[in-house]
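The sequence lines fix the lettering, A, B, ..., with proteins before strands; numbering per chain opens at 1. All values below come from the heavy atoms of this structure, side chains included, with hydrogens, waters and symmetry mates left out.
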Number of protein chains: 2
Amino acid sequence: MKAFHEYKNPSLAVDLVVFGYHNNTLSVLLLNRKDEPYKDQWTLPGGFLQMEETLRDTCERILYTKLGMNKVFLEQLYTFDEPERDPRGRVIAVGHYALINPSKFQIVAGTMANDVKWFNVKHLPALGFDHKHIFQVALQRLRSKILYYPVGFELLDELFTITELHELYECILETKLDRRNFRRKILDAAYIINTGTKREGLKNRHPELYRFNKQLKKNSFHINTPEDE
Amino acid sequence: MKAFHEYKNPSLAVDLVVFGYHNNTLSVLLLNRKDEPYKDQWTLPGGFLQMEETLRDTCERILYTKLGMNKVFLEQLYTFDEPERDPRGRVIAVGHYALINPSKFQIVAGTMANDVKWFNVKHLPALGFDHKHIFQVALQRLRSKILYYPVGFELLDELFTITELHELYECILETKLDRRNFRRKILDAAYIINTGTKREGLKNRHPELYRFNKQLKKNSFHINTPEDE
DNA sequence: TCAAAAGTGTTAGTAGTACACCCATGG
DNA sequence: CCATGGGTGTACTACTAACACTTTTGA
């Protein structure tokens, strides 16, 4: 056996799938790279771990310095280790996904990228590295997670209507959900709390505003999709 | 920004939670360490990634050389990155879990460990590093996975009775499941195939032997536990 | 013939699905 | 008063949960 310090180590990076929801569209944030490899191509934001950081620290640093975001929902996804995934050498990437409310942040390209843009998840450009794959794993995770865990609030404003929540679910799951059954299930689960206020200034009936119930017990609900059958 | 090669990298290791099922007991394989750190203490098997290996390769190498096992069910779990998790320095561990049938392998201590032993998951000794935590994540994953994915076959012989499968579920989930409802659900899902043969030589009625249906469509079943309520 | 485990159906309750009408608002 | 989306209830269906007797075998 080799001594501890004799092992060569791959580089360790994080890659981030940052989801945002806006105008009834689920989007993902991509960077246009300024440098090789994959210069001028779109990729997920990412970066190398520094020795004193946790993986979460690295993600938060990237979110903050490259994108100007902080205090967002962030979860580890999977570790991607294909030996050829990065042409510069052996890089192992711990994929994460974040859920953010785009209206809260002004995204900035920083010095690292030509451009930073939101892309509709249904119409992504070609991605560098294995980022298409990482994105697909993230989208799948988000879809399964939203069925049993109240994760949608991260994507909405603090106050929202049931219709807005309903549209978010339909958008993420790419399926129709019965409006009345959705409402009943969400309310029965005590998943959201009626604030007693209404959204004003719309041309139709003013819908009631709700907020997330942070005291929610885990596992108290499950949304079914038509594909469950 | 630093050039690519200037980043210092943590060491990268895998840790393995190897589950086995025998005598109506779910067990986990532990090594008694011969060297510091945690000399003479029990830990999960693990090892460092070598540059030409994938993480799965590393796991398979460890399973084969330390434990004499090959071709086992293996799945990535989570990446553990607490800066202080290893007293030798910064080591990031990609946790995996494996499901094996202990009757298929003769475990060997190899030269690395004082001892290798199966421990009932209900009565584990103190573990070195953060291995207790890794173990708990693995057990939880196994418990949720078995509810919707036919993973139990990895732990049983190729031919098994419904009662044996039922006992396996009760053991893993630590709950009672109605025998008749369990049988119906498993059979309705076409989860297993009756071989037409029976287990002979028992003192009571000879139960029918089944085998796993490898053509099983995903998502065709879901086991409920009492705690779902 | 007894003890022990295997095999089998039915009923009641719960949860899910499908579906239509009235209400509030702004123009 | 009209068009638009918000709010509400009920009947049907499907699944789940609870439960007991008969069969096979070895001793």
>> Using a 4.0 Å heavy-atom cut-off to protein, can you give one letter per nucleotide of nucleotides 1-9 of chain D, 5' to 3': B if the base is in contact, S if only the sugar-phosphate is, - if neither?
In response: ---BBBBBB
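Put simply, CZ on F182(B) is 14 Å from P on dT16(D), counting in whole angstrom units. Distance NZ (K185(A)) to C1' (dA18(C)): 14 Å, rounded to an integer number of Å. Rounded to whole angstrom, the span from the NZ atom of K198(B) across to the P atom of dG26(D) amounts to 11 Å. The CG-C1' distance, from D188(A) to dG16(C), rounds to 12 Å in whole Å. Here dG7(C) presents its P atom at 11 Å from CZ of R199(B), a figure rounded to the nearest Å. In this entry the distance linking CD of E200(B) with P of dA5(C) reads 18 Å, nearest Å. The separation between L177(B) atom CG and dC19(D) atom P is 15 Å, rounded to whole Å.
F19(A) and Y21(A) have their aromatic ring centers separated by at least 6.0 angstrom. Here Y191(A) and Y210(A) keep their ring centres 6.0 angstrom or further from each other.
The minimum heavy-atom distance linking T161(A) with P207(A) is given by the pair CG2-CG, 3.6 Å.
Remark: Q136(B) CD is packed, more than 12 non-hydrogen atoms of other residues, nucleotides or ligands lying under 6.0 Å away.
Between the side chains of T197(A) and T195(A), at least one donor N or O sits under 3.5 Å from an acceptor N or O. Of the N and O atoms on the side chains of N114(B) and N32(B), at least one donor lies less than 3.5 Å from an acceptor on the other residue.
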